[in-house]
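Heads up, the thing below is written out as structure tokens.
Since the structure is predicted, the reported quantities are computational estimates derived from the model, not experimental observations.
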Number of protein chains: 2
Amino acid sequence: MKNAPALSSRSEYAINLMRRRIIDGQSEPGSLLAEVAVARELGMSRVPVREALFLLERDGLVEFSETGRAFVKDLSPQDFEELFTLRLALEPLAARLAAPQLKKDASLLEKNISITQRAKSVKDVTRLDLEFHEIILDASGNTRLLKLWQSMRGEMELWLGRLHRSHHLQTQGTLSETADAHAAIVNCFKTQTPAACERLMREHILGWREWLPLL
Amino acid sequence: MKNAPALSSRSEYAINLMRRRIIDGQSEPGSLLAEVAVARELGMSRVPVREALFLLERDGLVEFSETGRAFVKDLSPQDFEELFTLRLALEPLAARLAAPQLKKDASLLEKNISITQRAKSVKDVTRLDLEFHEIILDASGNTRLLKLWQSMRGEMELWLGRLHRSHHLQTQGTLSETADAHAAIVNCFKTQTPAACERLMREHILGWREWLPLL
DNA sequence: GTTCTTCATAATGTATACCGTTTCAAGATT
DNA sequence: AATCTTGAAACGGTATACATTATGAAGAAC
């Protein structure tokens, strides 16, 4: 038809494009994502678009009405509180489970920190921060735990993106503080017990929450 | 409790049927669920079947190969351990969050217990047990917490179903013990603090784990 | 002005058809 | 016997077409 779908499959292409548009705020929260309109714009049929919308709903970036229409998710402060509550429940657990593995090999975390220290934009640091945490979830060895966390990641990116666009968070302090806090966590993994790692991660998440504008 | 698109009839029908077949063990673990075959058997086209398979994957009853073929999930003991770990993380939290609400009104829980006391089959008690817990998750007021739990429910039913079929659990003791334990939890909600409810729920989940054959 | 009705439009639900890829077993090769 | 080919059948990815329902604005009734 029109433009060649770059990535492996069309639905994957549709997912990535819509995902970015939603997180970057190009798609208005609450706006309708009609299958035909999206399909025509992306140069494909409704079928892969439909599939993409299903997967984006799983990631919390899209929500369906009772009659099956897809809308760009409009997160509320309460939604964010829910996400925070779940991070606080899942991440310290993941840190404890991952501790034995990360004590042996924390190279991925260290590499992430080293890149973070050189990062310049808030956007990059946000992404690297999430990746740091995801490395830990992955190292926990609990595939379901990882998947649950990943299912919330999109919503967190969405929330943080909107926050950055509206509030212009002060970047100077947070950039280095993020790397420092992460370095402390890595040190804990290398020298302390799993229970200690769990406690530190809990404090880290609590601190992260304190940081954000209350809105 | 509506999710995703309307699923007015056909895809919903397909979901319910396949779901039951998988949990009841009529569909062999690891067997292929080819879209054409299922569609022809259920008297519909591939489209609603395809949608049903996607949603069943979200519920952990189906898994896709890299090339997109759907198979009946084959749970391993490790899978069950993961589920247990997550229940232990999420349910005590839910109990604490739900405590204020349930202190005011525990009628749904009490009704569930009353039905459980009169239940005869292990199958019924298993279902009522899960419903009891889901009532608490629902009362927590955290919609994401509830959804995460629901996404694991299918796998738990699947595991328990296979367990019952292979081990013939002794039913006499567990039937009444389930109702008794649940009654104690309700009493805790009505008279104790949220933190106490959280601790009791943790003990309850740990006890539940002890019960099951190790396999 | 407000509420109810109507109805064209728009959107999803579903079916069918085509195409490319994967699969797997029969046959070839060593 | 074990391994490597190979090709037809099976299967999923996608497009298109049709069916059904929801939506929302314009008009009717009060």
Chi angles and distances behind the salt bridge (Lys or Arg N to Asp or Glu O under 4.0 Å) call for B:Arg10, B:Glu51: CA-CA 10 Å; B:Arg10 281 172 224 260; B:Glu51 217 172 277; over 6 Å; no

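Rounded to an integer number of Å, the gap from CG of B:Leu33 to P of D:dA10 is 18 Å. Atom-to-atom, CZ of A:Phe54 to P of C:dG13 comes out at 7 Å; the value is rounded to the nearest Å. Separating the CD atom of A:Glu35 from the C1' atom of D:dT14 is a distance of 14 Å, rounded to the nearest angstrom. Atom pair A:Phe64:CZ and C:dG13:P shows a separation of 8 Å (rounding to whole Å applied). Nucleotide C:dA11 holds its C1' atom 12 Å from the CG atom of A:Leu53, rounded to whole Å. Between A:Arg46 atom CZ and C:dA11 atom P there is a gap of 11 Å when expressed in whole angstrom units. Regarding B:Glu51, its CD atom lies at a distance of 16 Å from the P atom of D:dG12, rounded to whole Å. Per the geometry, CD1 belonging to A:Ile15 stands 12 Å off P belonging to D:dG13, to the nearest Å.
At a cut-off of 3.5 angstrom, counting only N and O atoms as typed in the model, there is no donor on one side facing an acceptor on the other between the side-chain of B:Arg50 and the base of D:dG13.
Looking at which nucleotide of DNA chain D each of A:Pro48 and B:Ala37 is closest to, the 5′-most match is held by B:Ala37.
A sub-4.0 Å separation between OP1 or OP2 of C:dA15 and a side-chain N or O of B:Arg10 is present. Remark: A:Thr67 is in phosphate contact with D:dT23, judged by side-chain N or O atoms under 4.0 Å from OP1 or OP2.
Looking at A:Asp79 and A:Ser76, their side chains do bring a donor and an acceptor atom within 3.5 Å of each other. In this structure, a donor-acceptor pair under 3.5 Å is absent between the side chains of B:Ser140 and B:Asn142.
Comparing D:dT16, D:dC11, D:dG24 against the side chain of A:Arg69 picks out D:dG24 as the nearest. The side chain of A:Ser45 sits closest to D:dA15 out of D:dA15, D:dC11, C:dA11.
Between B:Glu82 and A:Lys147 there is no salt bridge, since no side-chain N of the basic residue sits under 4.0 Å from a carboxylate O of the acidic one.
In this structure, A:Asp105 contributes its side chain and A:Ser107 its backbone to a donor-acceptor pair below 3.5 Å.
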